[in-house]
2 protein chains.
Amino acid sequence: MKTISPKTIDRALLYIRALENLLKKKRDKISSSELADITGSSDVQVRKDISFFGKVGIPRIGYETKKLKDVLENFILQDNIVHIALFGVGNLGKAILKYPGFQTDKIKLVAAFDKAKNKVLKEVNGVKIYPVEQSVRLIKKVHAEIGIIAVPSENSQEVADIMVNSGLKGIVNFAPNRVSVPKNVYVKDIDFSIEIFSIFSHTQL
Amino acid sequence: MKTISPKTIDRALLYIRALENLLKKKRDKISSSELADITGSSDVQVRKDISFFGKVGIPRIGYETKKLKDVLENFILQDNIVHIALFGVGNLGKAILKYPGFQTDKIKLVAAFDKAKNKVLKEVNGVKIYPVEQSVRLIKKVHAEIGIIAVPSENSQEVADIMVNSGLKGIVNFAPNRVSVPKNVYVKDIDFSIEIFSIFSHTQL
DNA sequence: TACAATTCGTTATTAATTTCACGATTTATT
DNA sequence: AATAAATCGTGAAATTAATAACGAATTGTA
Ligand SMILES: NC(=O)c1ccc[n+]([C@@H]2O[C@H](COP(=O)([O-])OP(=O)(O)OC[C@H]3O[C@@H](n4cnc5c(N)ncnc54)[C@H](O)[C@@H]3O)[C@@H](O)[C@H]2O)c1
Ligand SMILES: NC(=O)c1ccc[n+]([C@@H]2O[C@H](COP(=O)([O-])OP(=O)(O)OC[C@H]3O[C@@H](n4cnc5c(N)ncnc54)[C@H](O)[C@@H]3O)[C@@H](O)[C@H]2O)c1
């Protein structure tokens, strides 16, 4: 039994969203090359990725939009809804709370936490902000799976520790430093400054 | 002459920042394995990456913090300052304007643009918000290199076109769709929802 | 019905990246 | 001086990922 590669998963997520958009536009068929254009890939890559999930395409026609979306979603997301807990309701945290992309039928931001007393117990975009002291209990109660770190880097490790104790299995870390977690917890760092430098270096080549 | 790999560049940026932090703490020596721990890599990977830049290490000792930082910076950033232009001063754009990481001695956010009349001509964190109509002229004037797209996805392509016309060579796109640009312009998509799904998938494996 | 055109699916090939293995260098110690 | 310990540097091996090449399937058409 072959295992799916992480790169294939990430591209499949792009395919899924592209397919959703196509469905909204009532496009019921799509070819590998058009899907490649939309998602910034190549037709071969698209077919190769999809082949992992079985034979879903129709030669000479392409893929049925709905069917392909269902096949990909079934494997990658099943009917799971991803529940998110946010730590830090400052500049970035507030923007995240207001982000409609985190309140869809597939993703729900279920709780926010802040250390500052004056931010606590307010509600932003339907999400209540709780004091950090209640976080472990509340996260377990709402069964969140993913945590977002949007606190200053000085506090990122303490937040990561709380997340681990709460049973979160995945973390997005926006603070510009790494946090230590047990190796069964997956951390993805998103570092704006490093991204800028990386792009800049790219343009210098 | 070997060319440097993009992955090495991205890790080198992490090394540089780690070295800066070590210097602040007056640590003047560092081993590949400790640098690996800090940056989430492996000691071999660190040495292999650094070996691209020459023989900078001292056997039995490690690397001189200052020297290694200089060598890496010299290759990757020279003494360039990266100038950024931001499009879209909404929830995310405002957070970015207030982000201190974008006002350092290596990165400067030099201009912001918005379509909405009521946002224009205000100043956030020392950066003035201009009407989009003036963007091409202003960006050329201040010699920005990198643009940030923080507008709704319906408007991302028009912003990308402006960026290309202004001569920007790199773009960070936070809108959840791809934009078309000439192939000499480098675009990095940062898609929060896809990141969440990706992490979630990881935790399911 | 035969043939051309189109697009998928898959194996083979190539390229890129990471990991391994180990020699070389330096310093400390007996 | 010889030996041990630590750490760098690097070619080779292994792994992972991307690309190419091409057969198979389907449909439209002469
Ligand atoms: N603002 C941006 O656009 C931006 C971009 C990229 C990364 N970041 C990073 O994201 C993080 C947050 O940035 P920001 O601009 O929102 O900062 P901020 O100072 O505006 O907000 C930080 C918030 O975290 C809260 N906090 C502190 N310690 C906490 C804890 N232990 N538990 C819960 N809440 C806690 C504070 O009360 C505050 O509300 C920082 O690490 C920053 O470097 C910010
Ligand atoms: N809020 C978040 O945390 C978040 C996270 C990830 C991605 N995003 C994405 O970032 C983008 C911005 O999100 P937001 O929450 O800030 O939205 P927002 O609606 O709060 O702000 C959008 C801003 O863009 C301006 N704008 C629209 N068209 C423009 C144009 N052509 N030129 C210049 N300015 C223009 C609007 O006037 C508005 O001020 C969206 O694409 C969103 O999907 C947001």
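Labels below follow one simple rule: chain letters A, B, ... track the order of the sequence lines, proteins then strands, and each chain is numbered from 1. All heavy atoms count here, side chains included; hydrogens, waters and symmetry mates do not.
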Using a strict cut-off of less than 4.0 Å between a Lys/Arg side-chain nitrogen and an Asp/Glu carboxylate oxygen, indicate whether Glu64(A) and Lys69(A) qualify as a salt bridge. no
Ignoring backbone atoms, test whether Ser5(B) places a side-chain nitrogen or oxygen under 4.0 Å from the OP1 or OP2 oxygen of dT17(C). yes
So if I take every side-chain heavy atom of Pro59(A) and compare against dT26(D), dT19(C), dA17(D), which nucleotide ends up nearest? dT26(D)
Counting the atoms with a prime plus P, OP1 and OP2 as sugar-phosphate, which does Ser33(A) contact under 4.0 Å by heavy atoms, base, sugar-phosphate, or nothing? nothing
Starting the side chain at C-beta, find the nucleotide from dA17(D), dG9(D), dA18(D) nearest to Arg11(A). dA18(D)
Can you tell me how far P of dG9(D) sits from CD of Gln45(B), to the nearest Å? 14 Å
In whole Å, what is the span from the CG atom of Asp43(B) to the P atom of dC8(D)? 8 Å
Whole angstrom value for the distance that separates C1' of dC8(C) from CG of Leu35(A): 13 Å
Can you check the Phe52(B) CZ to dG11(D) P distance for me, whole Å? 14 Å
Quick one: on DNA chain D, does Ile61(A) or Ser42(A) contact a more 5' nucleotide (nearest heavy atom)? Ser42(A)
Using the ring of each side chain (for Trp, its six-membered ring), is Phe52(A) parallel, tilted or perpendicular to Phe75(A), with breaks at 30° and 60°? perpendicular
With a cut-off of less than 4.0 Å, is there a side-chain N or O of Ser32(B) near OP1 or OP2 of dC8(D)? yes
How close or far is atom C1' of dA15(C) from atom NZ of Lys7(B), stated in whole angstroms? 13 Å
Is Arg47(A) near enough to dC8(C) that one of its side-chain N or O atoms lies under 4.0 angstrom from OP1 or OP2? yes
Among the nucleotides dG9(D), dG9(C), dT17(C), which one has an atom lying closest to any side-chain atom of Ser51(B)? dG9(D)
Between Lys106(A) and Glu20(A), does any NZ, NE, NH1 or NH2 come within less than 4.0 Å of an OD or OE carboxylate oxygen? yes
When only distance counts, do a donor and an acceptor, one from the side chain of Arg60(B) and one from the base of dT27(C), lie under 3.5 Å apart? yes
Spacing of Ile9(A) atom CD1 relative to dT16(D) atom C1', expressed in whole Å: 14 Å
Residues, nucleotides or ligands: over 12 heavy atoms within 6.0 Å of Asp79(B) CG: no
Using 30° and 60° as the class limits, which term best fits the ring planes of Phe174(A) and Phe192(B): parallel, tilted or perpendicular? tilted
Over how many whole Å does the gap from Ile58(B) atom CD1 to dT26(C) atom P extend? 10 Å
Any donor-acceptor N/O pair under 3.5 Å between dT19(C) base and Lys48(B) side chain: yes
What is the nucleic acid contact for Thr8(A), judged by heavy atoms within less than 4.0 Å: base, sugar-phosphate only, or nothing? nothing
